[in-house]
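Written out below as structure tokens is the structure these notes cover.
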Amino acid sequence: MPQRNVVSWTALMCGYLQNGDAKTSLSLFSKMGRSTVKPNEFTLSTCLKASGILGIAESGMQIHGVCAKSDFDWVPVVGNSIIDMYSKCGKVGDAERVFNTMAVRNVISWNAMIVGYTNGRSGEEALNLFRKMQEKGEVPDGYTYSSTLKACSCVGSVGKGMQIHAALIRQRFPYLAQSAVAGALVDLYVKSGRITEARRVFDRTEKKSVTSWSSLILGYAQEDNLPEAMHLFKQLRESRYKLDGFVLSSLIGVFADFSLLEQGKQMHAYTIKVPCGLSETSVANSVLDMYMKCGLTDQAEALFREMAARNVVSWTVMITGYGKHGIGNKAIQLFKEMQENGVEPDSVTYLAVLSACSHSGLINEGQRYFSSLCDNSHSKPQIEHYACMVDLLGRGGRLKEAKDFIEKMPMKPNMGIWQTLLSGCRMHGDVEMGKEVGDIVLSLDGNNPANYVMMSNIYADAGYWNECEKLRDTVKRKGLRKEAGRSWVEIDKEIHVFYNGDGMHPLIEKIHQVLKEMEKRVKEEIGYVHNVNFALHDVEEESKVESLRVHSEKLAIGLVLLRRGLKGERMIRIFKNLRVCGDCHTFIKGLSKVLKTVFVVRDANRFHRFENGLCSCRDYW
DNA sequence: CACCTGGTGC
């Protein structure tokens with residue numbers, strides 16, 4: 001048996017840690033503790049790092065104890081590792097205590113604490129510390145700058161970030177040669193919507209990193225500049241930089257948001273071929289979500305079942321997706337299954353399952369899950385969960401109960417909660433309560449056009465034309481405009497966007513021709529007539545029937561029918577930024593029967609799957 | 001042997 005000293009133990013621990021095996025590194029430390037060999041400062045900092053990576057506070061605290069007992073805790077390397085370990089384990093308070101009582105602090109201690117504050121508590125505190133360290137005469141380095149810039153972005157203060165940027169230039173700090181600093185700047189500008197500024201820094205960066213590529217690509221995507229995002233992605237792919245899961249999952253997330261199925265499918269194929277692709281859970285999750293948001297539940301389900309590792313996000317994607325498709329039972333089944341698999345639902349998962357219950361009218365189940373959330377030790381109900389419950393009760397027609405629920409809430413109800421109740425009032429034609437709730441909503445925000453539209457719809461449904469007219473006048477007087485209705489459809493990988501009343505499309509005449517013909521056929525089949533009440537969704541004064549005919553979802557459908565003729569694919573997917581109107585809903589139902597075609601319409605709230613004259617929302621949305 | 005920037009579900 002060869003002699004083993006502290007150096008050999010430590011070297012081995014370092015080796016495992018570098019190979020990404022923090023667990024073995026830690027167990028080596030406890031094994032060493034049972035021998036006669038005593039750890040030195042390097043051993044201690046190594047296993048503190050391992051605890052931090054694993055996020056195991058218990059073992060970290062134990063090691064902290066060992067450090068204190070062996071008088072190593074005052075050594076800077078060890079002290080800094082302790083700070084880092086506590087902040088990685090989510091115990092900023094402990095990190096702070098160690099930091100404040102440290103005898104010897106170096107720039108690394110300050111840096112570690114700045115990161116701790118940013119991740120664990122607040123960017124404000126991180127920024128304060130940044131100021132304080134300079135007051136104490138400490139000179140910030142690249143680590144300081146990148147972490148502090150992140151803190152600026154967390155508190156949403158571009159101004160502070162720009163000041164730092166200016167200071168870097170003034171001091172001739174070589175930030176363009178340090179990828180982390182330049183990357184943090186790019187990300188800060190991206191997150192604050194200054195894409196041009198971000199691009200300028202990116203282009204000048206000498207040492208780019210995948211991180212800054214990733215930030216920039218997402219930045220373009222977020223401002224709807226998909227061509228530029230794709231162009232950059234292509235460049236990145238052809239460059240010497242190694243693609244990673246971050247870039248892929250962000251890009252696929254964008255395809256999901258825009259429901260770009262063809263692009264998404266192509267990227268799915270790509271993720272199978274690259275090492276950083278589908279095997280990473282986050283990438284697979286983004287693909288799942290993409291299929292769900294494009295309406296392809298079966299594809300998503302298949303992929304979900306064959307995924308190597310599923311985390312809470314994977315389950316939540318599926319539950320949310322099924323919920324939005326109105327398949328509440330499936331959502332509930334998955335929620336149970338995930339718990340059987342030992343995956344703990346978080347607050348987003350609860351939101352998903354509650355909203356699934358709501359969309360499928362499963363009131364009792366929803367109430368059961370809400371109370372299980374109240375009893376849950378990991379997460380507690382937040383205002384969004386309360387809103388879900390109001391929606392659940394309101395949709396179910398239990399308006400009085402919903403109102404009581406709001407009044408008994410432990411937090412102050414926000415406008416969204418009252419808006420939810422208001423839409424329940426509309427659904428069930430309760431003008432009395434609608435009036436009451438409408439007053440509350442308008443008092444909370446009298447400049448939100450959606451509030452007036454909802455109220456005017458309640459009055460219109462009940463035939464109170466005078467009240468309706470009054471509201472319209474108010475909207476006009478205040479000069480409020482509702483978000484323009486917009487629908488889009490993907491044909492041959494190309495996106496065609498239509499706005500309500502859009503007359504700009506080169507094929508608009510032919511689109512109207514097709515739509516008129518379809519109206520005739522649907523009318524013959526199911527006796528469809530325009531329901532002019534829905535015209536009140538539009539604040540503009542147009543002939544009602546005419547204005548219904550130019551709803552963007554109808555125009556998009558018209559284009560698809562024109563392009564594919566009456567043959568072609570048996571499933572047509574349309575996307576809309578607002579909720580689909582009742583008239584269009586009836587029309588599409590009829591169309592699905594007449595053309596023997598499935599229409600999947602994703603609106604602002606949920607999916608509608610129209611098949612053989614029926615819709616998956618059961619006319620209840 | 002310590003400290004840094006980007007992503008997926010609401």
Side-chain angles (χ1 to χ4, degrees), chain A residues 7 10-11 13-14 17-18 40-49 52 75-85 87-88 106-116 118-119 140-151 153 175 178-188 190-191 205 208-219 221 244-254 256-257 276 280-290 292-293 311-321 323-324 345-352 354-355 382 384-385 387-388:
Chain A
V7 180
T10 308
M13 283 166 60
C14 277
L17 195 58
Q18 267 168 20
N40 64 17
E41 63 264 49
F42 304 134
T43 328
L44 292 167
S45 80
T46 305
C47 60
L48 281 165
K49 186 173 180 177
V75 178
V77 166
V78 176
N80 292 339
S81 302
I82 295 172
I83 295 175
D84 187 50
M85 177 276 296
S87 55
K88 289 220 170 77
N106 58 22
V107 64
I108 296 175
S109 332
W110 292 93
N111 292 347
M113 203 55 228
I114 288 175
V115 174
T118 309
N119 293 337
D141 63 4
Y143 286 82
T144 322
Y145 286 120
S146 42
S147 313
T148 308
L149 286 166
K150 184 185 174 176
S153 139
Y175 69 97
Q178 294 189 25
S179 60
V181 184
L185 264 176
V186 171
D187 195 54
L188 170 78
V190 160
K191 291 235 165 75
T205 307
K208 295 181 179 55
S209 63
V210 214
T211 305
S212 37
W213 281 92
S214 182
S215 292
L216 196 64
I217 290 174
L218 197 59
D244 66 8
F246 282 73
V247 193
L248 286 176
S249 48
S250 341
L251 214 56
I252 296 168
V254 175
D257 290 340
C276 57
E280 280 188 32
T281 309
S282 52
V283 174
N285 288 345
S286 66
V287 178
L288 280 185
D289 189 45
M290 185 272 297
M292 274 300 190
K293 289 202 173 127
N311 59 17
V312 62
V313 177
S314 333
W315 291 95
T316 307
V317 165
M318 297 302 287
I319 294 169
T320 304
K324 287 201 170 170
D346 64 12
S347 69
V348 185
T349 322
Y350 271 102
L351 217 49
L354 289 176
S355 115
Q382 298 150 5
E384 293 87 349
H385 301 99
C388 247

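All chains are named by letter (A, B, ...) in the order of the sequence lines, taking the proteins before the strands, and each is independently numbered beginning at 1. This is a predicted model, so every value here is computed, not measured.
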With respect to the side chain of [X], which nucleotide from [options] is positioned closest?
X	options	result
A:Ala112	B:dT5, B:dC3, B:dC1	B:dC3
A:Val77	B:dC10, B:dG6, B:dA2	B:dA2
A:Asn285	B:dG6, B:dA2, B:dT8	B:dT8
A:Asn80	B:dA2, B:dT5, B:dG9	B:dA2
A:Cys14	B:dC10, B:dC1, B:dC3	B:dC1
A:Ser209	B:dC3, B:dT5, B:dT8	B:dT5
A:Val348	B:dG9, B:dT8, B:dA2	B:dG9
A:Ser147	B:dC4, B:dG9, B:dC3	B:dC4
A:Tyr143	B:dG6, B:dC10, B:dC4	B:dC4
A:Asn106	B:dC3, B:dA2, B:dC10	B:dA2

Using whole Å, report how far [atom1] of [X] lies from [atom2] of [N].
X	N	atom1	atom2	answer
A:Phe246	B:dC4	CZ	C1'	14 Å
A:Ile217	B:dG6	CD1	P	15 Å
A:Asp187	B:dC4	CG	P	16 Å
A:Ile114	B:dA2	CD1	P	19 Å
A:Leu354	B:dG9	CG	C1'	15 Å
A:Asn119	B:dC3	CG	P	13 Å

Answer with base, sugar-phosphate or nothing: what part of the nucleic acid does [X] contact at a heavy-atom distance below 4.0 Å?
X	value
A:Asp244	base
A:Asp346	base
A:Val247	base
A:Val312	base
A:Leu218	sugar-phosphate
A:Thr46	nothing
A:Val287	nothing
A:Ser179	base
A:Gly245	base

Going through the distances and angles, do A:Ser81 and A:Asp84 end up as a side chain to side chain donor-acceptor pair (under 3.5 Å)?
CA-CA 5 Å; A:Ser81 302; A:Asp84 187 50; over 6 Å; no

Please determine whether a side-chain nitrogen or oxygen atom of A:Lys293 lies at a distance below 4.0 Å from atom OP1 or OP2 of B:dC10.
yes

Phosphate contact (B:dG6 OP1 or OP2) by A:Lys150 side-chain N/O below 4.0 Å
yes

Go through the steps to decide whether A:Thr43 and A:Thr10 satisfy the test side chain to side chain donor-acceptor pair (under 3.5 Å), and finish with yes or no.
CA-CA 5 Å; A:Thr43 328; A:Thr10 308; 3.0 Å; yes

Does the side chain of [X] come under 3.5 Å of the side chain of [Y] through a donor N or O and an acceptor N or O?
X	Y	result
A:Asn285	A:Ser314	yes
A:Asp141	A:Thr144	yes
A:Asn111	A:Asn80	no

Is there a donor and acceptor pair closer than 3.5 Å between the side chain of A:Ser215 and the base of B:dG6?
no

Just by modelled atom types, is the A:Leu149 backbone N or O under 3.5 Å from a matching donor or acceptor in the A:Ser153 side chain?
no

Can you tell me if A:Thr320 uses its side chain to pair, donor with acceptor, with the backbone of A:Thr316 under 3.5 Å?
yes

